[in-house]
Amino acid sequence: MTSEQITNTGSVSGDCGSAQARARTHVQAYVQTQARQNGSAKDGSATNGPARNDSAKGGPSGQKHGLQRCHAMLRPVSLRALLPWLTSIIGVASALCLVIAWFPSTVWNTPIVSSDAPAHYYFIHRLLDEGLGAALHLWPHDSFYPPLFHICAYLVIKIAALFGVQCSIYAAFNITWIIASGVIFPAGMLVLCRYFLQRWNRGNPISNPISRISQASSTPESSSVSESSNVSNQQVSSAVNRQYNVTFDATFVLRNLIGLFVPVLAVSSVCHPYGLLNAGPLIAFGFATSLLPFLIAATLRLFDAIAAREHIAKWLAITAVAGVVCLVAHPRIAFTYALILVPFIVLRLPWKLILGAFIAMCVGAVAFVALMLTSFKSDRWANPDSWFHSHQPSKNLWESISFCLTDGLDGFPAILFALLLIAGTAAAFVCASRRAAARASDSFSSAASTVVPVASADVDVDASTSDIAVSAADSPVSVSCPPPASHSNATDAASASSESSRLRRNDRLRDVIALTAAFLLVALVYVCTVTLVGALPNIISAPWYRDENRIMTMLPLVALPLLVIGINALAECVSACAASASFAPSASSFSTKNSASSVPSLSSASAVSSVKNASFASNWIVLIAVFLVIAILAVSAQIVCPSRSAARDTIIAHSSLNQSDPNEQLTEQKIAVLRKVTKRTGTQATIISDPLNGSMYAETLFNANMLYPIINARTDVPSAPFGKVETAFASGDAQQVLGTVCPLTDAPEYFLTMGDQAQSLQSFPYRAQYDSFHNEELIDTYVDGGTLVKVADYSQYGQGWALYRFGCTD
């Protein structure tokens, strides 16, 4: 065996600079001394040679021993498979409890009074009225709007009805949001983070360093030196395995700690999901964001399948289904998906697929530009500097950068998150770079050597088709119970494994680079949105409407996986350093002792003692520290959270009916008027009013038939009645008004006035189209001419509030 192979086989897990080098030196001395002892023992053990040779080479006794060892190691498999699921369930349940505890209780009976909320309530209402067939044309003018969130709310109402429970539109809306935010999103982030953890730890667990020495001592070369000493080595290895419980190795425990805390950290930031419920709310985009981690994880597994040239059809189908689901939730999520995946496409796909992916992105970009040009008429398209002309920066450069580094957390949790993110990313780069260099050295040594080890602790385990919750590397049977093989078969198997390993030797480095690049891209878009102004920032952030709330939802998608890999890398480095330091004295002592005398090989008791000490010192203390750090971060993020509290307070204020301004969207007076109006008109008659005065909520509050159930009543769609009615009403021509309004329905048509437009909707860009509906002089003109007939006066609630009926002949 060459010295390079000895070093590779006996090296301590992880990359830890000079400490690792010292450990490798001690391990090499141990193995060389063992080989010398085996050589001397061979001459004096001829009588027992045949029996021991039979055991060492895989004869009946050797096979029986191997089967017994495998049977012993099968016992903890059930617990090993169950524990990741258990920790995942606990983690997601904890995240759900946090979301429920945060959710404002005031919106269960009253709507969220904001710009986009009426539209979402109306879409659910339309599905209830017309059935699922309306999902493809939810807008009042029958155009398409992403319906997945509203379909889910519709199903909640229908399922509740099966059990005799009457669920309101608002309750169904809230339940759907809570499930998406408290279950789907944290579960998706857990799947995504575990995917990266699995690739990081594949073939290089934070394991017992002495167990790898026993692997080194049972290679074909050492067995050819002395068959008898292999029996002793197997006894030592068995003793090691008995003392070192593989069910609870360090890597396995670390992954399950991640399963506990990733879902909690996923819902700890105001970035998502809380911000979008406050901003509008942006429900459809938020629902798509909650689904996006599953699509990203499926796509990355598709990349793995392409690299391995197996299971491509399976993961292609899964990715396609996940992509369709996300697009049905909200098509604009494709921009977030593409932005995050670009670095992975460049680093992990063949050049032909990279070219194809970028061609597809260019085609999509052209289609998006064409859609915008045809859907929104503007004379500013040729001047990007004038886009979003009303947009104002909300943060300076340092504030926007720090927001990205802290994932939107506050106070002490923000500082801790940023420190862990920066330190962990640096450690991940160091570990990944050194492992890539070590792999290159190992490949060179293997090519130059004529003797190949049977098994190396660094050989990767292909995990491209592993279960999401439990990685293939977690199975002790697959890596600890290989069948006995001849030297030639073992050499062929090792060569195949080496070939597969070379294809993936830079997985760690590629993942770290890709995740860091994705994080920087997201940070760039965020900084352009909230800090910078001009043509270039407008172009970069245009796919997200230059909206801070949409863009900051991307931060957890890249920050959390980077944090998880970083913490794992830090734990690996510290564990490797501690293991090297704890094992060095015993290995050095053993090497010195046996160089001066021909004492038999290291006793089982001594080996077990070294294993226990090194394992505890290098792994479990590190894991306890990691647990405490992650726990402190997760718990403190729930205690120090002014941003989330502010978002909750804002929603409570928006859902309150006690408003100081009587012209706000909904007040107790307006609720009383809308109830009386609906009782007077019935639910079939058409009611026309300025939607910006809050009258649009009558549609979902009292089942009234409002002609304007949302604030965004587009006038540029030929099939929509909005533009025609608004134009006719503003004309002052009574005949034109009646000729436009009366044919709308067979039921009577009414006109409702409830004061001026709400101050909270003054930012709506198309509010001027409704000015004629609160023009008192114009209304008086129609009343004097008989076009409008007052049927109810509500002046006791507000000046000029009244209900009129159009003077149609029906």
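Note that this is a predicted model, so its numbers are computed, not measured.
In this structure, the ring of Tyr708 has its center less than 6.0 angstrom from the ring center of Phe773. Between Trp108 and Tyr170, the gap from one ring centroid to the other reaches at least 6.0 Å. You'll find the ring centres of Phe149 and Trp177 outside the 6.0 Å limit. Two rings, from His272 and Phe185, have their centers less than 6.0 Å apart. Note: Tyr545 and Phe388 fail the aromatic proximity criterion, with ring centroids not under 6.0 Å apart. You'll find the ring centres of Tyr782 and Phe729 inside the 6.0 Å limit. Ring centroid separation for the pair Phe806 and Tyr750 does not come in under the 6.0 Å cut-off. In this structure, the ring of Phe123 has its center less than 6.0 angstrom from the ring center of Trp139.
Side-chain contact between Leu557 and Pro293: present, with at least one pair of heavy atoms (C-beta onward) separated by less than 4.5 Å. When side chains are defined from C-beta on, Phe764 does not count as touching Pro691, because their heavy atoms never get closer than 4.5 Å. Ile340 is not listed as a side-chain neighbour of Phe335, based on a closest heavy-atom distance of 4.5 Å or more. You'll find the side chain of Lys158 reaches within 4.5 Å of the side chain of Leu128, heavy atoms only. A heavy-atom distance below 4.5 Å is not found between the side chains of Ile179 and Leu96. Residues Pro709 and Pro118 fail the side-chain proximity criterion, which asks for heavy atoms closer than 4.5 Å. Met696 is not listed as a side-chain neighbour of Ile710, based on a closest heavy-atom distance of 4.5 Å or more. You'll find the side chain of Leu148 reaches within 4.5 Å of the side chain of Leu291, heavy atoms only.
Nearest heavy atom pair, residue Pro281 against residue Phe173, reads CG-CZ, 4.1 Å. For the pair Ser695 and Leu752, the tightest heavy-atom approach, listed with the atom from each and the gap, is CB-CD2, 4.2 Å. Nearest approach of Ala634 to Leu265, heavy atoms of both residues: CA-CD2, 3.8 Å.
There is a side-chain donor-acceptor pair under 3.5 Å between Trp544 and Thr336. Between Thr553 and Asn549, the side chains place no donor N or O within less than 3.5 Å of an acceptor N or O (distance only, hydrogens not considered).
Of the inter-residue distances, the one linking Met552 atom CE with Asp547 atom CG reads 8.5 Å to the nearest 0.5 angstrom. In this structure, SG on Cys641 lies 9.5 Å from CG on Leu98, to the nearest 0.5 angstrom. Here CG of Leu666 is found 12.0 Å from CD1 of Ile112. Values are rounded to the nearest 0.5 Å. Distance OG/Ser181 to CG/Leu276: 8.5 Å, rounded to 0.5 Å. To the nearest 0.5 Å, atoms CD1 (Ile169) and CG (Asn703) are separated by 8.0 Å. Put simply, CG on Asp690 and CG on Asp756 are 9.0 Å apart, with the number rounded to the nearest 0.5 Å.
Judged by the 6.0 Å and 45° rule, Lys676 forms no cation-pi pair with Tyr794.
Side-chain N or O atoms of Glu699 include one that pairs as donor or acceptor with a backbone N or O of Met706 at under 3.5 Å. Side chain of Ser290 to main chain of Gly286: a donor-acceptor pair is present (N/O by atom type, distance under 3.5 Å, no hydrogens or angles). Panel note: side chain Ser636, backbone Leu633; a donor-acceptor pair is recorded below 3.5 Å. Listed for the Lys790 side chain is no donor-acceptor partner under 3.5 Å among the backbone atoms of Arg805. Using a distance-only test at 3.5 Å, with no hydrogens or angles considered, no donor-acceptor pair links the side chain of Thr683 to the main chain of Ala704. Ser143 places no side-chain N or O within 3.5 Å of a backbone atom of His137 that could act as its donor or acceptor partner. For the pair Ser114 (side chain) and Gly280 (backbone), a donor-acceptor distance under 3.5 Å is present. Side-chain atoms of Thr110 come within 3.5 Å of backbone atoms of Thr106 as a donor-acceptor pair (strictly under, hydrogens ignored). In terms of modelled atom types and a separation under 3.5 Å, the side chain of His391 and the main chain of Thr529 share a donor-acceptor contact. In this structure, the side chain of Thr406 engages the main chain of Phe403 through a donor-acceptor pair within 3.5 Å.
Tyr121 and Tyr697 have tilted rings, their planes meeting at an angle from 30° to 60° on a 0 to 90° scale.
For Gln799, the CD atom sits in a loose shell: 12 or fewer heavy atoms of surrounding residues, nucleotides or ligands are nearer than 6.0 Å. Heavy-atom neighbours of Glu130 CD from other residues, nucleotides or ligands within 6.0 Å: above the threshold of 12. Surrounding CD of Glu776 are at most 12 heavy atoms belonging to other residues, nucleotides or ligands under 6.0 Å away. Residue Gln762 qualifies as enclosed at atom CD: its count of foreign heavy atoms under 6.0 Å is above 12. The local environment of CG in Asn109 is sparse, with at most 12 non-hydrogen atoms from other residues, nucleotides or ligands closer than 6.0 Å.
Between Asp142 and Arg126 a salt bridge is recorded (basic side-chain N to carboxylate O distance below 4.0 Å). Between Glu548 and Lys395 there is a salt bridge, since at least one side-chain N of the basic residue sits less than 4.0 Å from a carboxylate O of the acidic one.
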Inset, instruction - Might you work through the side-chain contact (heavy atoms from CB on, under 4.5 Å) test for Asp116 and His120, ending with a clear yes or no? - result: CA-CA 7 Å; Asp116 291 342; His120 297 298; 4.1 Å; yes
Inset, instruction - Would you check, one step at a time, whether the test side-chain hydrogen bond (donor to acceptor under 3.5 Å, both in side chains) holds for Thr745 with Thr686? - result: CA-CA 7 Å; Thr745 61; Thr686 302; 3.3 Å; yes
Inset, instruction - Please report the C-alpha distance between Tyr804 and Thr787 in whole Å, then the side-chain angles of each, then the deciding distance to 0.1 Å, and finally whether the side-chain contact (heavy atoms from CB on, under 4.5 Å) criterion is met. - result: CA-CA 9 Å; Tyr804 303 88; Thr787 304; over 6 Å; no
Legend entry - Working for side-chain contact (heavy atoms from CB on, under 4.5 Å), residues Ile687 and Asn705: CA-CA 6 Å; Ile687 303 173; Asn705 182 21; over 6 Å; no
Inset, instruction - Starting from the C-alpha separation in whole Å, work towards a yes-or-no answer on side-chain contact (heavy atoms from CB on, under 4.5 Å) for His774 and Asn693. - result: CA-CA 9 Å; His774 53 263; Asn693 63 19; over 6 Å; no
